[in-house]
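Worksheet: the structure to be examined is printed underneath.
Only heavy atoms go into these numbers, but all of them, side chains included; no hydrogens, no water, no symmetry mates. Below, read A as the first sequence line, B as the second, and so on, with proteins coming before strands; counting in each chain starts at 1.
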Amino acid sequence: MEHISSPSAESQLQSQSQSHQNPETSAERLTNPPHQRLDFSKPVVRFAPSPTGYLHIGGARTALFNWLFAKHHGGKFLLRIEDTDRERSTDVAINAIFESLQWLELKWDEEPVFQFARATRHAEIAQNLVKEGKAYYCYCSPEELEQMRSDAMAHGLPPRYNRYWRDRDPSCAPAGVAPVIRFKAPLAGKTTILDLVQGEVELSNTQLDDMILLRADGTPTYMLSVVVDDYDMHITHIIRGDDHLTNAFRQHHLYEACGWETPRFAHIPLIHGPDGAKLSKRHGALGAEQYKEMGFLPEAMRNYLLRLGWAHGNDEIISTEQAIEWFDLSAIGRSPARFDTMKLINLNGHYIRASDNNRLLEEIRPRITKTLSEAVPDQLGGGGQAERGLALVLRGMDSLKERAKTLEELAKSAIFYVLAPTYSASDNIHATPEESIKNLDFCIQIIDGLHDCGQISQNSIETAVRGFCKDNGLKIGDFLYPVRVALTGKKISPSLFEVIEILGLKEVVARLHNYKNFLSCA
RNA sequence: GUUCCCAUCGUCUAGCGGUUAGGACAUCGCCCUUUCAAGGCGGCAACACGGGUUCGAUUCCCGUUGGGAACGCCA
């Protein structure tokens, strides 16, 4: 077939690609020499997002799978920014991708490749293909193409270019029209791809059209750029979203036309929203950095994403080390999975509980200092207050982290150690103000008693309170209810005995009085 | 419209011809308990449908239905 190059064409092309590596082209930045054969035992994979928006959850999983695959096999994980769409690519998006990957702790090897910087290299390949008769100039206007597509649809055919210029003499070209370069896709036969996830997938070549390689303005399209870059980067395994499956057939023919070995493909199923439809903003399809903001831990995110479409028996909690050891493409399912926030939250709670207290403190420090500065914006020496409070948070962390599902929750639940609570009338729902005030007075008495004895441990506080309640026939829960609100400003908190010990008797008594005053005025 | 892919509890999944169809999240109940969590115990809950193949199909094949994806001078 015409599109399959002869060995001589192959070596010719490769020597050309070598000779074109002058300092002007970014191909030079890829120091790898042209290669004859791919070494699949030493995988080189890449994550290749287009910087047109944040890194969404599906992209994050693709990156994770690539990373795990590389780590498992001791290969390389490269990053390539596919910024050939100059209209939509932004620096903001590029930074978002970097930051998200860094947050997820998916470190890439080598310098990231920026695809657009390699445009001249891509264009050269397209020109070579024309010279070799494997590609051709097409002068059709967008309007004509649109017409062709609707015509094809009307005849029950796939909407495609009708190859008008494929075998036409270039001398027929209309004047003043800048042509595109189109690839001569095979007209008959079928192509089979052995996908590492999807298995053997067969597609009739009649389904393929003559894709555009080079735009009228001379810039390369995605289809050309990926193939050339993957070749130049020595990519052995292309692990990407299922939506690229049909592209694999097109790209395979391009590889063959160039005389290059086709890498292995692994197309992983897409992630869907809770309703089964494509994940969209409507479902809260957020960027990875937004999950960071909400207070998810990267290891929780990795664990969750890993289990979406991949399983290792009944294992649910899987450390990254374990994931690297176990990960294999063959265990990836072929059906799309729905994104389940509840499971992510549950996993996050697990990883928070398992986290080191000092680490958690650092994670919530910015959230707490922000809240503090908002509450007391012009307070001098606020830094001191923050540090003292943070020290208390650390002491209470064991109990705090047991209750938090996210870092945001953790920070909110810890804030009372740093900042005296403000009260609202709705907090006092279970008792009349009089009853609450009575209890607060009792509590102050108990604390005073403890203070006199110098006994302020959690245990001694508990003993004293329990004794008091027993002697007075009070239910401890009822008794403590207003105390909890007084001390924490919340109806939910860690054990009050612990809170009292950590807060210190002086601060406790002050807060009890504050709340008493508040109730009296109400 | 054409092509490709998919189909086990509500969700993520285990299963790879013979299982009381397992686990996790969610949910419900009980225990623990100063609140809330965490933890423990238990409950509810699935092989989409129809044909084959087979002694035997959740498992293999075909079809139906239902989802999804692709079909750009986007990537």
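As rounded to whole Å, 15 Å separates atom C1' of B:U3 from atom NZ of A:Lys190. Atom pair A:Leu245:CG and B:U2:P shows a separation of 19 Å (rounding to whole Å applied). Atom NE2 of A:His155 and atom P of B:U3 are 17 Å apart (whole Å). In this structure, A:Leu347 places its CG atom 19 Å from P of B:G23, rounding to the nearest Å. Look at CD1 on A:Ile193: it is 19 Å from P on B:U3, rounded to the nearest Å. The CD-P distance, from A:Glu200 to B:C4, rounds to 14 Å in whole Å. The separation between A:Met301 atom CE and B:C25 atom C1' is 16 Å, rounded to whole Å. Rounded to a whole Å, the CD1 atom of A:Ile317 is 14 Å from the C1' atom of B:U13.
Aromatic ring centroids of A:Phe65 and A:Phe327 lie under 6.0 Å apart.
Considering only side-chain N and O atoms, A:Thr84 lies under 4.0 angstrom from the phosphate OP1 or OP2 of B:A75.
Nucleic acid contact class of A:Met223 (heavy atoms, under 4.0 Å, all strands): base. Backbone-only contact: A:Arg334 has heavy atoms under 4.0 Å from sugar-phosphate atoms and none from a base. At the heavy-atom level, A:Glu316 lies under 4.0 Å from base atoms of the strands shown. Using a 4.0 Å heavy-atom distance criterion, A:Glu87 is classed as making no nucleic acid contact. Among the atoms of the strands shown, none is found under 4.0 Å from any heavy atom of A:Gly349. Residue contacts shown for A:Val180 include a base, since a base heavy atom lies under 4.0 Å away.
Pair assignment for B:C32: none, as no Watson-Crick or G-U wobble contacts are both less than 3.5 Å. Pairing partner, B:U3: B:A69, with both Watson-Crick or wobble hydrogen-bond distances short of 3.5 Å. Nucleotide B:G10 forms a Watson-Crick or G-U wobble pair with B:C25, both donor-acceptor distances falling under 3.5 Å. Checking B:U20 for Watson-Crick or G-U wobble geometry (two distances, each under 3.5 Å) identifies no partner in any strand. The pairing partner recorded for B:C49 is B:G63, the criterion being a Watson-Crick or G-U wobble arrangement whose two distances lie under 3.5 angstrom. When Watson-Crick and G-U wobble pairs are counted only if both distances are under 3.5 Å, B:C44 pairs with no nucleotide at all.
For A:Asp441 and A:Lys438, the salt-bridge test fails: no basic side-chain N is under 4.0 Å from an acidic carboxylate O. A salt bridge links A:Arg359 with A:Glu299; the closest basic N to acidic carboxylate O contact falls under 4.0 Å. Remark: A:Asp230 engages A:Arg80 in a salt bridge, criterion side-chain N to carboxylate O under 4.0 Å. Salt bridge status for A:Asp195 with A:Arg264: absent, with no side-chain N to carboxylate O gap under 4.0 Å.
Judged purely by distance below 3.5 Å, without hydrogens or angles, the side chains of A:Glu82 and A:Gln115 pair a donor atom with an acceptor atom.
Between the P atoms of B:G17 and B:G72, the separation comes to 42 Å (whole Å). One C1' atom belongs to B:G66, the other to B:G29, and the distance between them is 35 Å to the nearest Å. For the P atoms, the distance from B:A57 to B:C30 is 43 Å, rounded to whole Å. Comparing the same atom, P, in B:A46 and in B:G10 gives a spacing of 7 Å after rounding to whole Å. When the P atom is used for both B:U59 and B:C16, the distance is 13 Å, rounded to whole Å. Nucleotides B:U58 and B:G22 place their P atoms 15 Å apart, quoted to the nearest Å. Nucleotides B:C36 and B:U19, compared at atom P, are 45 Å apart to the nearest Å. Taking atom C1' on both nucleotides, B:G39 is separated from B:A75 by 48 Å, rounded to a whole Å.
Taking the ring axis of A:Tyr164 as reference, the NZ or CZ atom of A:Arg168 stays within 45° of it and closer than 6.0 Å to the ring centre.
In the displayed structure, A:Lys490 atom NZ is contacted under 6.0 Å by more than 12 heavy atoms of other residues, nucleotides or ligands.
Side-chain contact between A:Thr422 and A:Phe518 is absent, with no heavy-atom pair separated by less than 4.5 Å.
For A:Met342, the listed nucleotide lying nearest its side chain is B:A26; candidates were B:C5, B:G23, B:A26. Relative to the side chain of A:Ala216, the nucleotides B:C73, B:A26, B:A14 differ in distance, and B:C73 lies closest.
For A:Lys343 against B:A26, no side-chain N or O and base N or O form a donor-acceptor pair under 3.5 Å.
Checking A:Asp217 against A:Asn314, the closest nucleotide of RNA chain B that is more toward the 5' end is the one next to A:Asn314. Residue whose closest nucleotide on RNA chain B sits further toward the 5' end, between A:Glu202 and A:His312: A:Glu202.
When the salt bridge (Lys or Arg N to Asp or Glu O under 4.0 Å) test is applied to A:Glu408, the partners found at least two apart in sequence or on another chain are A:Arg367, A:Lys412.
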Nucleotide by nucleotide, 5' to 3', does protein get under 4.0 Å of the base (B), only the sugar-phosphate (S), or neither (-) in nucleotides 31-46 of chain B, counting heavy atoms? ---BBBBSS-------

What one-letter contact string describes nucleotides 62-72 of chain B from 5' to 3', where B marks a base within less than 4.0 Å of any protein heavy atom, S marks contact via sugar-phosphate atoms alone, and - marks no contact? ------SSSBS

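Atom SG of A:Cys469 is separated from atom CG of A:Leu480 by 7.0 Å, given to the nearest 0.5 angstrom. The structure places CZ of A:Arg182 at 7.0 Å from SG of A:Cys140, a figure rounded to the nearest 0.5 Å.
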